[in-house]
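All remarks here apply to the structure that follows.
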Amino acid sequence: MNPQSTLPPPAALPPKTGDPSAPAGPGRKDPRSEVRLFAGLGHVALAVWAVIVIVPILWTVLAAFKNTSEIFSSPWTLPAELRWENFSRAWTKANVGRYFLNSVIVVSCSTFLTMLLGSMAAYVLARYRFWGNRAIYYLFVSGLAFPVFLALVPLFFVVKNLGLLDTHTGVVLVYTAYSLPFTVFFLAAFFKTLPSSVAEAGMIDGCSHSRLFFQVMMPMAKPGLISVAIFNIIGQWAQYQLPLVLLSNAKDKWVLTQGIADISVNAGYEADWSGLFAALTIAILPMIIVYAVFQRQIQAGLTSGAVK
């Protein structure tokens, strides 16, 4: 007889504590059910948020094709016909075309200056060590916590003393100054993730500091630069307080937000609500298109520094 046949069978090993495939005991919760629960709650929250954001935009676009009676009598129905004359009336009669062009000029110039100066400052603060480095960095970051409306009065007098009041140049400089804190904060963290070996190889090959930045480091930081540029464009495009103070007496230089605010005031007297919603649609659609086109670049810039 084989002596091993008389031995008792080995006792089954207890399941590991952190094994997700182990059956849940009477007092033990299944971790997979918790994951499914939180995933379901996340999907519900995203659906609610999508409805809150999409419904007003969709309603505004539909109202842009209606007349005033349709807007108030049947606000949630489709327009009887597509009235493109609402857009032409808003573009010409309400001067939305001029305001749109002013916004494009101001936002383009201010975004260019913001990205140029902000990327240079962020690169130096992230890659070079010198006395006062942290103090300058925290001075930039502190601008994120400074409310804009607290500086409107002193800002008005500063721009006035510089002779830049009621000019696009003054608005561009102010936009740039208020966009720099976020730009430096984001890009400084991004430049830190870039490999130092590439910069060292460039210096060995004879690159100057400026050439190394513009020809080597900036192309490597392209995802982060695109992400920050899009955020700055959207924020500056929707700015209302600053141009309201700095361009109050120059109606021909108003930006789009000022023009739409003026249309909304006049709509109550002229009953041209369809023209107002057409102007709102003209202001909203460019930013939606920009974000849709550069969505992948934005996501790549936000996640590229997460994993090395």
Side-chain angles (χ1 to χ4, degrees), residues 52-111 148-149 152 155-156 159 164-172 174-175 178-179 232-292:
I52 293 174
V53 173
I54 294 174
V55 169
I57 296 177
L58 184 61
W59 185 82
T60 301
V61 175
L62 291 177
F65 293 97
K66 299 180 179 181
N67 54 29
T68 303
S69 61
E70 284 182 322
I71 292 174
F72 289 98
S73 61
S74 54
W76 300 107
T77 60
L78 295 176
E81 59 177 309
L82 298 180
R83 296 178 174 84
W84 296 102
E85 63 271 12
N86 295 340
F87 292 89
S88 61
R89 188 171 65 255
W91 188 267
T92 56
K93 182 180 177 182
N95 297 322
V96 171
R98 180 190 302 170
Y99 303 146
F100 187 91
L101 179 60
N102 291 340
S103 291
V104 170
I105 294 173
V106 170
V107 173
S108 299
C109 295
S110 59
T111 302
V148 176
F149 65 88
L152 290 179
L155 186 63
F156 173 83
V159 176
L164 299 176
L165 194 63
D166 295 326
T167 63
H168 286 162
T169 303
V171 179
V172 167
V174 173
Y175 276 13
Y178 272 96
S179 300
N232 283 328
I233 289 172
I234 295 175
Q236 294 173 6
W237 185 269
Q239 182 60 247
Y240 175 68
Q241 287 181 322
L242 293 175
L244 180 65
V245 174
L246 302 177
L247 297 174
S248 57
N249 297 322
K251 191 172 183 178
D252 58 326
K253 297 182 180 179
W254 280 5
V255 295
L256 196 55
T257 52
Q258 290 176 282
I260 292 177
D262 185 65
I263 295 172
S264 65
V265 173
N266 295 330
Y269 299 98
E270 299 178 1
D272 191 8
W273 293 98
S274 56
L276 171 62
F277 287 112
L280 287 172
T281 303
I282 294 173
I284 292 172
L285 287 182
M287 294 301 100
I288 296 178
I289 294 173
V290 167
Y291 190 86

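- Here salt bridge (Lys or Arg N to Asp or Glu O under 4.0 Å) pairs that include residues 244-254, with residues two or more places apart or in two chains, are Lys251-Asp262.
- In this structure a side-chain-to-backbone donor-acceptor pair under 3.5 Å is missing from Trp91 to Ile282.
- From Trp254, atom CH2 reaches atom CG of Leu244 across 8.5 Å, with rounding to the nearest 0.5 Å.
- The shortest distance between side-chain heavy atoms of Phe277 and Asn86 does not fall below 4.5 Å.
- For Ile234, the side-chain contact (heavy atoms from CB on, under 4.5 Å) partners two or more places apart in sequence, or in a different chain, are Ile230, Met287, Tyr291.
- In this structure the side chain of Leu155 reaches within 4.5 angstrom of the side chain of Leu242, judged on heavy atoms.
- Side-chain contact between Val104 and Trp237: present, with at least one pair of heavy atoms (C-beta onward) separated by less than 4.5 Å.
- Looking only at distances, a side-chain donor or acceptor of Gln258 sits under 3.5 Å from a matching main-chain atom of Pro243.
- In this structure, Lys66 NZ and Phe72 CZ are separated by 11.5 Å, a value rounded to the nearest 0.5 Å.
- With a 4.5 Å cut-off on side-chain heavy atoms, Arg89 and Ser274 count as touching.
- We find the CG-CG distance between Leu165 and Leu247 to be 8.0 Å, quoted to the nearest 0.5 Å.
- Residues Ile260 and Leu280 have side chains in contact (heavy-atom distance under 4.5 Å, counting atoms from C-beta outward).
- Every residue meeting the side-chain contact (heavy atoms from CB on, under 4.5 Å) condition with Leu82, not counting sequence neighbours, appears here in chain and number order: Phe65, Pro79, Trp84.
- Scanning both residues, Val106 and Val172, for their nearest heavy atoms gives O-CG2, 3.8 Å.
- Between Ala90 and Ala278, the shortest heavy-atom contact is CB-CB, 4.3 Å.
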Exercise for the section: Tell me, with the steps shown, if Val107 and Asn232 meet side-chain contact (heavy atoms from CB on, under 4.5 Å). Expected result: CA-CA 9 Å; Val107 173; Asn232 283 328; over 6 Å; no
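- Identified under the side chain to side chain donor-acceptor pair (under 3.5 Å) test for residues 98-110, with sequence neighbours left out: Ser110-Gln236.
- Considering only heavy atoms from C-beta on, Leu246 comes within 4.5 Å of Val174 through its side chain.
- The side-chain contact (heavy atoms from CB on, under 4.5 Å) search around Thr169 returns Leu164, Thr167, Leu173, not counting sequence neighbours.
- Ser73 is linked by a side-chain contact (heavy atoms from CB on, under 4.5 Å) to nothing, counting only residues two or more places apart in sequence or in another chain.
- Of all heavy-atom pairs spanning Ala279 and Val96, the tightest one is CB-CG2, 3.8 Å.
- Counting heavy atoms from C-beta on, the side chains of Val55 and Trp76 come closer than 4.5 Å.
- Remark: Gln241 CD to Thr257 OG1 distance equals 10.5 Å, nearest 0.5 Å.
- Note that CG of Leu256 is 10.0 Å distant from CD1 of Ile284, once rounded to the nearest 0.5 Å.
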